Amino acid sequence: MSAFKNFLNSPVGPKTTHFWGPVANWGFVVAGLVDLNKPPDMMSSNMTSVMCIYSLLFMRFAWMVQPRNYLLFSCHAANESVQLYHLARIYNHHQSKGSAAKS
C-alpha cells in the first residue's frame, strides 16, 4: 500500500500534469493507429510531418525536464514511430503514382 501511496504523491503521479498530459497525448498514437486503414492519398504529408517534428521536440523535452518524464517520452516515441510509418506510406504512394505516370 505504501508503494501506491508513494506513486500517488510523487512528482510524476496522477495528481500532476506530468501524468495526465502524457495520458491525454496517447490519443495521438491511437489516432495514428486508426489511420493505418486510411489510404495514403487521403493523408496529409504536411500534417504528418508536423506531427513528427512535434513528437521529436516533446521527446527531447520529456528527457530534459526534471523529474524525467518517461511516460511522456514513451508516448511521443510511439507517436514518432506511427507518423514516420505514415510518411513512408505517403512517400511510397507518391513514388508509385509518379512511376505509373511516366509509363
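Because the structure is predicted, anything quoted here is derived from the model rather than measured. Hydrogens, waters and symmetry mates are skipped; everything else that's a heavy atom, side chains included, is used.
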Roughly how far apart are [X] [atom1] and [Y] [atom2], rounded to 0.5 Å?
X: Phe58; Y: Phe28; atom1: CZ; atom2: CZ; value: 9.0 Å
X: Met43; Y: His93; atom1: CE; atom2: NE2; value: 11.5 Å
X: His94; Y: Arg89; atom1: NE2; atom2: CZ; value: 11.5 Å

Please check if [X] and [Y] belong to a single hydrophobic cluster, counting links between Ile, Leu, Val, Met, Phe, Trp and Tyr side chain heavy atoms closer than 4.5 Å.
X: Leu56; Y: Met47; result: no
X: Leu71; Y: Met64; result: no
X: Met51; Y: Leu72; result: yes

Hey, could you give me each pair passing side-chain hydrogen bond (donor to acceptor under 3.5 Å, both in side chains) that has a residue in residues 72-85? Not counting sequence neighbours.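 Pairs touching residues 72-85 that pass the test: Ser55-His76, Ser55-Asn79, Asn79-Gln83.
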Which pairs pass side-chain hydrogen bond (donor to acceptor under 3.5 Å, both in side chains) with one or both residues in residues 9-37, sequence neighbours excluded? Asn9-Lys15, His18-Asn69, Asn25-Tyr54
Considering non-hydrogen atoms only, spot the tightest contact between [X] and [Y] and give its length.
X: Pro40; Y: Ile90; result: O-CG1, 4.0 Å
X: Cys75; Y: Pro22; result: SG-O, 4.0 Å
X: Arg68; Y: Trp63; result: NE-O, 2.8 Å
X: Leu87; Y: Ser49; result: CD2-OG, 3.7 Å

For Phe7, does the CZ atom have more than 12 heavy-atom neighbours from other residues, nucleotides or ligands under 6.0 Å away?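 For Phe7, atom CZ is crowded (more than 12 foreign heavy atoms under 6.0 Å).
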